[in-house]
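A quick note: this is a predicted structure, and the numbers were derived from the prediction, not measured. Throughout, protein chains are lettered first and strands after them, A, B, ... in sequence-line order, and every chain is numbered starting at 1.
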There are 2 protein chains.
Amino acid sequence: MSEKRNPSGFLVKQRAFLKLYMITMTEQERLYGLRLLDVLREEFRPFGYRPNHSEIYKALHDLIEDGVLEQVKKKKEGMKLQEVVYYRFAGENGHEKAKKYKRQLKVELDRCQSMIQKAVRDNFGIK
Amino acid sequence: MSEKRNPSGFLVKQRAFLKLYMITMTEQERLYGLRLLDVLREEFRPFGYRPNHSEIYKALHDLIEDGVLEQVKKKKEGMKLQEVVYYRFAGENGHEKAKKYKRQLKVELDRCQSMIQKAVRDNFGIK
DNA sequence: TAATGAACATAGTGTTCATCA
DNA sequence: TGATGAACACTATGTTCATTA
């Protein structure tokens with residue numbers, strides 16, 4: 001009978017975290033999949049976090065399904081004749097949806113912050 | 001060829017998070033499985049995190065395998081004749097191992113804090 | 001009925017493979 | 001070879017079932 005599974009509400013999932021970055025990076029500069037991956041790996045190297053390529057693609061595809069992003073296939077910058085997939089906000093309200101998603105994620109990140117802070121206090125706090 | 005699978009190094013896993021709490025709670029007061037669960041659910045209710053019972057048991061069993069905790073079966077406090085499983089640090093060096101685990105988790109929690117802070121800055125920062 | 005634990009099932013995510021330019 | 005995407009496989013975790021007191 002297809003019971004829905006309840007998440008226990010632990011920390012934010014990697015997928016959601018990446019979707020958030022995909023949106024922000026779309027707001028900032030136009031990049032394609034593997035470049036986004038490189039940028040993120042570079043940014044998070046000091047933290048020991050190294051996402052892999054399929055998570056990036058899944059995050060992007062999720063956002064397409066959510067009606068947030070759409071693809072723009074282009075010849076790669078410069079010489080080669082290789083086709084590459086860039087992203088922009090979808091149609092009329094893609095950017096609105098994106099902003100909404102970001103607001104949710106802000107709440108979620110704040111929640112995670114609080115939980116971890118609590119854990120530090122509870123397990124390592126003075127007293 | 002049984003290749004080892006690499007975690008990408010995203011946030012701390014629920015299991016590790018709970019093991020940390022199990023250790024600290026063992027340092028503080030003696031409790032048994034389902035009571036630990038109740039306490040944690042109560043503590044994290046404001047954060048929308050509600051662990052389930054099997055995660056607690058798995059965390060405790062992990063710690064036994066790690067040589068950190070051992071079981072003490074006792075009649076439940078008060079009247080009933082029900083047997084309940086309490087925990088204490090195992091043998092000679094259980095508590096040492098526990099402290100070591102906690103040190104690792106402290107590093108890990110700090111790392112998570114930083115990553116989330118970075119995400120907040122990167123995606124919502126002023127500028 | 002409360003407690004413990006295991007078995008089972010699904011979601012999350014890492015690895016490999018296929019295809020194309 | 002770089003890029004994209006899907007298929008596949010394993011891990012993390014949630015749900016259900018069995019057993020006992």
Side-chain angles (χ1 to χ4, degrees), chain A residues 1-19 22 30-41 44 48-65 69-87, chain B residues 1-19 22 30-41 44 48-65 69-87:
Chain A
M1 281 78 186
S2 92
E3 300 300 337
K4 247 265 131 49
R5 215 172 114 126
N6 287 45
S8 70
F10 190 54
L11 302 177
V12 63
K13 295 289 182 294
Q14 180 179 204
R15 181 76 52 85
F17 188 90
L18 290 176
K19 285 168 76 173
M22 299 296 101
R30 204 114 309 163
L31 289 176
Y32 61 92
L34 282 200
R35 282 296 300 136
L36 292 163
L37 180 66
D38 289 342
V39 172
L40 284 174
R41 281 182 177 173
F44 283 101
Y49 172 44
R50 188 171 184 281
N52 58 29
H53 85 274
S54 66
E55 273 304 309
I56 301 288
Y57 287 125
K58 285 178 211 163
L60 289 167
H61 297 340
D62 264 25
L63 287 168
I64 292 171
E65 281 192 20
L69 295 184
E70 65 188 17
Q71 300 190 322
V72 189
K73 298 185 187 190
K74 285 189 194 165
K75 302 300 175 196
K76 196 166 162 187
E77 296 280 316
M79 56 275 128
K80 293 295 193 91
L81 60 159
Q82 180 161 20
E83 203 170 53
V84 155
V85 182
Y86 287 81
Y87 292 85
Chain B
M1 280 88 175
S2 92
E3 302 299 338
K4 247 266 132 50
R5 214 172 115 127
N6 283 44
S8 70
F10 190 55
L11 301 177
V12 62
K13 295 287 182 294
Q14 180 178 206
R15 181 76 51 84
F17 188 89
L18 290 177
K19 285 168 75 173
M22 300 295 101
R30 203 111 313 160
L31 289 176
Y32 61 92
L34 282 200
R35 281 298 297 137
L36 293 163
L37 179 66
D38 288 342
V39 171
L40 285 175
R41 283 182 175 174
F44 283 100
Y49 171 44
R50 187 170 184 282
N52 59 28
H53 85 273
S54 66
E55 273 305 307
I56 300 289
Y57 286 124
K58 284 178 211 163
L60 288 166
H61 298 338
D62 264 24
L63 288 168
I64 292 172
E65 279 191 22
L69 295 184
E70 66 188 15
Q71 300 190 323
V72 189
K73 297 185 189 191
K74 283 189 195 165
K75 303 300 174 195
K76 195 166 163 187
E77 295 280 317
M79 55 279 129
K80 293 298 194 87
L81 61 159
Q82 179 160 22
E83 205 169 54
V84 156
V85 182
Y86 288 80
Y87 292 85

OP1, OP2 of [N] versus side-chain N and O of [X]: anything below 4.0 Å?
X	N	value
Tyr57(A)	dT4(D)	yes
His61(B)	dG5(C)	yes
Gln71(A)	dA3(D)	no
Tyr32(A)	dT4(D)	no
Asn52(A)	dG14(C)	yes

I want to verify a distance call: between [options], whose nearest atom is closest to the [X] side chain?
X	options	answer
Lys58(A)	dA3(D), dT15(D), dG14(C)	dG14(C)
Glu55(A)	dT13(C), dT4(C), dT13(D)	dT13(C)
Tyr87(B)	dG14(D), dG5(C), dA6(D)	dG5(C)
Ser8(A)	dG14(D), dG5(D), dA3(D)	dG14(D)

Query raised in the report: In this structure, which one of Leu60(A), Leu40(A), Leu37(A), Leu36(A) forms a side chain to side chain contact (heavy atoms under 4.5 Å, CB included) with Leu18(A)?
Result: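 Answer to the side chain to side chain contact (heavy atoms under 4.5 Å, CB included) test with Leu18(A) among Leu60(A), Leu40(A), Leu37(A), Leu36(A): Leu40(A).
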
Query raised in the report: Distance only, no hydrogens: is a donor on one side chain within 3.5 Å (strictly under) of an acceptor on the other, for Tyr49(B) and Gln14(B)?
Result: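 Note: Tyr49(B) and Gln14(B) side chains meet the donor-acceptor criterion.
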
Query raised in the report: With no hydrogens and no angle check, do the side chains of Gln71(A) and Tyr87(A) hold a donor and an acceptor under 3.5 Å apart?
Result: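 Yes - a donor-acceptor pair under 3.5 Å links their side chains.
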
Could you check how far [atom1] of [X] sits from [atom2] of [N], rounded to whole Å?
X	N	atom1	atom2	result
Tyr49(A)	dG14(C)	OH	P	7 Å
Phe17(B)	dG14(D)	CZ	P	13 Å
Arg35(A)	dA3(D)	CZ	C1'	13 Å
Arg50(B)	dT13(D)	CZ	C1'	15 Å
Phe10(A)	dG12(C)	CZ	P	15 Å
His53(A)	dC8(D)	NE2	P	15 Å
Tyr86(B)	dA2(C)	OH	C1'	12 Å
Leu37(B)	dT4(C)	CG	P	10 Å

Report task. For Leu34(A) and for Arg15(B), find the nucleotide of DNA chain D with the closest heavy atom, then tell me which residue's nucleotide is more 5'. Result ->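 Checking each residue's closest nucleotide, the 5'-ward one belongs to Leu34(A).
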
Requested in this report: Would you kindly compare Lys13(A) and Ser54(A) by the position of their nearest DNA chain D nucleotide and give the one closer to the 5′ end?
Outcome: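 Counting from the 5' end, the first nearest nucleotide belongs to Ser54(A).
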
Report task. Let me know, please, whether Ala16(A) or Val85(B) comes out on the 5' side of the other along DNA chain C by nearest nucleotide. Result ->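 Nearer the 5' end of the strand: Val85(B).
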
Requested in this report: Evaluate the side-chain proximity of Lys19(B) to Asp62(B): yes if any heavy-atom separation is below 4.5 Å, no if none is.
Outcome: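 Yes, their side chains come closer than 4.5 Å.
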
Query raised in the report: Checking only heavy atoms, does the side chain of Arg5(B) share a donor-acceptor pair with the base of dT11(D) at less than 3.5 Å?
Result: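 Answer no: no donor N or O sits under 3.5 Å from an acceptor.
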
Query - side-chain hydrogen bond (donor to acceptor under 3.5 Å, both in side chains) evaluation trace for Glu83(B) with Tyr32(B) - result: CA-CA 10 Å; Glu83(B) 205 169 54; Tyr32(B) 61 92; over 6 Å; no

Query - Donor-acceptor contact below 3.5 Å, side chain Arg41(A) vs main chain Pro51(A) - result: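 Such a contact is found between Arg41(A) side chain and Pro51(A) backbone.
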
